[in-house]
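Contents: one structure, followed by commentary.
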Amino acid sequence: MNRAKRLWFVALAIALALIACDRDKDAAAPPPSNSVAAGAPPKEPLKLPPDDAPPPIVDGDRAMQYVKEIVKLGPRPLGSANHKKVEDYITSHLKGDEVEDDSFTADTPEGKFPVRNIVAKYPGTKDGVIIIASHYDTNYPLRNTSYVGANDGASSSGLLLELANHLRGKQRDGYSIWLVWDDAEEAIKPDGSGGLPNEMPFSEDSLYGITHLAEKWQADGTLKKVKAFILTDMIGDADLNVEKDTNSTPWLQEVVSEASKRLGYQSHFFGRQMEVGDDHLPFVKRGVPSVDFIDFNYGYNNVFWHTPQDTVDKISPQSLQIVGGVVLETVRILDKMDPVPPK
Ligand SMILES: [Zn+2]
């Protein structure tokens with residue numbers, strides 16, 4: 001995860017008041033009415049299909065085991081031997097799956113680096129693709145510390161390996177699902193928030209892997225098939241509170257919100273609103289409906305983020321299970337939406 005702009009001022013207070021207000025409204029009146037500002041065109045309420053199937057169950061303990069094993073490899077910044085080890089670790093768990101390798105050389109402020117995105121594809125019966133993504137590299141400026149990114153990079157990458165177990169060998173009655181372990185998400189220079197002379201704005205020096213993939217898929221026409229881009233990042237915190245990110249697509253957040261309610265996990269979602277700069281931006285920019293599952297309050301005031309304290313003892317199998325379940329339920333609702341709304 002790179003950076004988030006916090007909206008800790010009047011907007012937040014208003015947003016929280018509105019969220020609280022919305023919840024009261026939901027409790028009072030089952031079909032939520034989409035009230036609109038005077039003069040704005042009335043918005044069609046999003047109709048979400050019911051789902052009678054048993055709730056998807058993700059094995060949080062097995063996901064946690066993957067997280068621990070990734071962390072055990074040590075810091076995995078771009079260009080390191082450990083980075084190669086984690087690439088091998090991920091691909092070794094995808095044997096027999098259809099895997100697309102997207103390897104290229106990134107030109108960064110610290111020189112050229114090999115970058116590798118790993119894409120595992122699970123075909124469905126419907127025409128279209130849902131992407132579930134996680135970056136797996138660790139922060140480059142912290143490469144000479146003990147920083148292992150247990151939450152930032154490993155938690156979501158381990159969860160995706162467990163989602164692969166869930167998807168493997170089953171006939172999907174829905175869209176194809178592509179799991180993406182993207183690389184070089186982290187900034188190479190310090191990200192411009194500390195005011196130091198060698199820093200760079202994060203927008204000019206990050207998201208190398210996922211940007212390459214979005215550009216490639218735009219050029220070859222693949223992007224048109226992508227119905228939704230679901231990003232997971234920093235989702236292992238035992239105190240799980242997924243943000244309502246203002247860069248994400250509102251209708252897709254409505255689907256996530258409904259999915260969380262269906263599983264009884266709504267208290268972990270969307271209690272705070274902020275703008276998050278993350279791997280979804282290249283897809284947002286290209287008009288793909290996108291949502292970021294991120295908890296950007298890791299320890300009070302996010303104190304563990306990008307520090308050597310981002311260690312496995314802060315991660316909980318239950319948080320992995322909650323996020324995994326809500327991701328799969330979101331996919332299941334999307335599977336029944338045809339066509340899905342545009343961004
Ligand atoms: Zn990060």
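Remember, it's 1-based here, ligands and their atoms both numbered in the order they're listed. For the single chain, residues carry numbers from 1 onward in sequence order.
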Report yes if the distance between the aromatic ring centroids of Y208 and F113 is under 6.0 Å, otherwise no.
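No, the ring of Y208 stays outside the 6.0 Å limit from the ring of F113, centre to centre.
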Under 2.8 Å from the Zn ion (ligand 1), is there any N, O or S atom belonging to H135?
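It does not; every qualifying atom lies at 2.8 Å or beyond.
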Going by the angle between their ring planes, with limits at 30° and 60°, are Y136 and H83 parallel, tilted or perpendicular?
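Taking H83 first and then Y136, their aromatic rings sit tilted (interplane angle of 30° to 60°).
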In sequence, state the C-alpha distance, the side-chain angles, and the governing distance for K314 and T311, and then conclude on side-chain hydrogen bond (donor to acceptor under 3.5 Å, both in side chains).
CA-CA 6 Å; K314 324 276 191 319; T311 45; 2.8 Å; yes
Shortest-distance N, O or S atom of E186 relative to the Zn ion (ligand 1)
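Distance check against the Zn ion (ligand 1) picks out OE2 in E186.
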The atom name of the N, O or S atom in D152 nearest to the Zn ion (ligand 1) is OD2
Please give me the minimum heavy-atom distance between D152 and H135, naming the atom from each residue.
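Of all heavy-atom pairs spanning D152 and H135, the closest is OD1-NE2, 2.9 Å.
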